[in-house]
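Below is one structure; the comments refer to it alone.
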Amino acid sequence: MSPLFSLFDLVILACIAQGLITSLLLFKSKQAKTSKRLLGTSLILLCIVSFRMVFHNVGWSQIPQIRYLPLAWELFIPPLFYLYVCSLTQKNFKWRNIYLLHLLPGALYLVNDINVYLQTFMEPSIEQQWQTAAALYYHQTNEIEDYLIIISNFIYGFFSINLIINFREQTKSLKLKQADNVYQWLKKLIALMGIAVILVFINELIDLYSQQRSQGLNHWQLLNLYVAATIYYIGFKGYRLEAASLHADKQKIQQVASKLDDENIKNVEENLIQQLEQETIYLDPEITLNQLAKLIDTSSGNLSFVINQKFSQNFRDLMNSYRIKHVKSKLDDYKEGQSILNIALDSGFNSQASFYRAFKKFENMTPKAYITSKS
């Protein structure tokens, strides 16, 4: 007698267990409840979908009382993943009851499946159950549902990709590692789900045009293995990211973005550029952050923030980068006998040591090597 569960079934069940455990941990978390619950719910639905293959493999579908057990929950997954993407990319995202409309198609099909299950539950044989299900148009609605699942995945996938692209464009100027973390995670998530959709589409085409049954591991089993592996990865990686950093990352992104939206910050940036390029303030070797902040009528905190975000540098490096540009413009016309140190001091450096350190840092060579390369 063959075992109840094959190796294939055990692999699927192991991945399902991982997904369910992760979902419970996500639901128990106190921070960022909305995004974690959306991810946790999506994982549970993926587990139900993946379990259906095991349900058929072990022969439970031949038991009359559970033959038509409602296990088709796929229509809920695309909108839930879309809402999860919204929760990480949209500012101050909160759950609203109107979002339930996204789940309406899945709910209608679930109600229909429950009705079929209840109508067939008391039938004494599989043949009579099949006739009752056929009278309720169960098989026709299932075929329509299969196409709706593919269409829904493409539609919500399109909207999700747009959200991620817009998020990337909006956060590029922030130059934050946190924004890159969120973007990379969502990009991987969409890629995983996209591959699953393509595989479903291919499998539907195979069923449509092929009259032969696959022997051994057929194409639907391969798809289920992929879905199970996806559950495992999303569960493991998603929980670690959600638990450790994604919530904090989103808060940091929002704080920085809201600050950059401030008109005063934009004025600070414009005034800073004017002081650097027109007033050549960097030529003063004694200039400090506080002194420059007073010159452009802002706080040292705002000025430091603009320098970090817009120039990806600290105050000292920004000043030295402009000084090095000034030095290079002089060295381009260098004549034998000129003092390199005097050029450096005239460019705003206050010592030979600080000049040579800065030049090597920005140009990756010494001033003499630079002169040689030019000549």
Side-chain angles (χ1 to χ4, degrees), residues 31-32 88-92 166-183 244-331 340-364 367 370:
Q31 286 186 321
L88 291 181
T89 57
Q90 293 182 357
K91 186 177 180 181
N92 301 321
N166 290 335
F167 171 79
R168 183 63 167 174
E169 290 300 317
Q170 291 166 6
T171 57
K172 258 184 183 177
S173 61
L174 304 181
K175 298 176 182 176
L176 289 175
K177 183 181 178 182
Q178 291 91 338
D180 193 55
N181 290 340
V182 175
Y183 171 72
S245 61
L246 277 185
H247 177 58
D249 285 349
K250 185 183 176 184
Q251 286 186 321
K252 177 66 175 177
I253 293 165
Q254 289 180 353
Q255 289 170 2
V256 174
S258 62
K259 200 167 186 180
L260 282 174
D261 286 340
D262 193 329
E263 190 65 32
N264 181 46
I265 296 298
K266 294 178 182 178
N267 291 335
V268 170
E269 181 187 357
E270 292 171 0
N271 291 335
L272 172 60
I273 292 172
Q274 181 182 356
Q275 287 293 329
L276 288 169
E277 297 183 357
Q278 296 179 22
E279 304 298 328
T280 59
I281 193 68
Y282 55 86
L283 295 179
D284 180 359
E286 305 299 326
I287 190 69
T288 65
L289 179 68
N290 288 335
Q291 289 171 342
L292 183 54
K294 287 180 181 178
L295 284 173
I296 59 180
D297 193 25
T298 189
S299 68
S300 58
N302 278 353
L303 178 57
S304 179
F305 175 83
V306 169
I307 292 172
N308 289 334
Q309 294 300 321
K310 292 296 183 179
F311 295 89
S312 299
Q313 293 176 313
N314 57 33
F315 171 75
R316 177 178 292 180
D317 283 345
L318 180 63
M319 293 297 107
N320 284 343
S321 68
Y322 273 85
R323 288 165 182 158
I324 292 298
K325 287 179 185 177
H326 191 268
V327 169
K328 285 167 61 182
S329 69
K330 299 295 182 182
L331 293 181
I340 296 176
L341 178 58
N342 286 340
I343 292 174
L345 295 176
D346 289 341
S347 299
F349 288 100
N350 56 12
S351 71
Q352 183 176 358
S354 63
F355 164 61
Y356 273 87
R357 278 197 306 270
F359 200 96
K360 189 73 182 293
K361 178 177 182 178
F362 287 99
E363 299 301 320
N364 202 28
Y370 178 81

Inset, instruction - With side chain to side chain contact (heavy atoms under 4.5 Å, CB included) as the test, would you mind laying out the steps for T298 and V306 before giving the verdict? - result: CA-CA 11 Å; T298 189; V306 169; over 6 Å; no
Non-hydrogen atoms of [X] and [Y] that approach each other most closely:
| X | Y | answer |
| --- | --- | --- |
| I296 | Q275 | CG2-CG, 3.5 Å |
| R323 | D284 | NH2-O, 3.2 Å |
| Q291 | E286 | OE1-O, 3.2 Å |

Inset, instruction - Test side chain to side chain contact (heavy atoms under 4.5 Å, CB included) on D317 and K361 and set out the steps. - result: CA-CA 10 Å; D317 283 345; K361 178 177 182 178; 2.8 Å; yes
Legend entry - Pair R168 + D180: basic N to acidic O under 4.0 Å: yes
Are any non-hydrogen side-chain atoms of [X] and [Y] less than 4.5 angstrom apart?
| X | Y | value |
| --- | --- | --- |
| T171 | V182 | no |
| L276 | Y282 | yes |
| L272 | L303 | yes |
| I324 | F349 | yes |

Legend entry - Over 12 foreign heavy atoms within 6.0 Å of CG, N342: yes
Inset, instruction - Carefully, step by step, assess F311 and I273 under the rule side chain to side chain contact (heavy atoms under 4.5 Å, CB included). - result: CA-CA 11 Å; F311 295 89; I273 292 172; 4.1 Å; yes
Inset, instruction - For Y183, check ring pair (Phe, Tyr, Trp, His ring centres under 6.0 Å) against everything at least two apart and list the hits. - result: none
Inset, instruction - On the 0 to 90° scale, with breaks at 30° and 60°, tag the F359-Y370 ring pair as parallel, tilted or perpendicular. - result: perpendicular
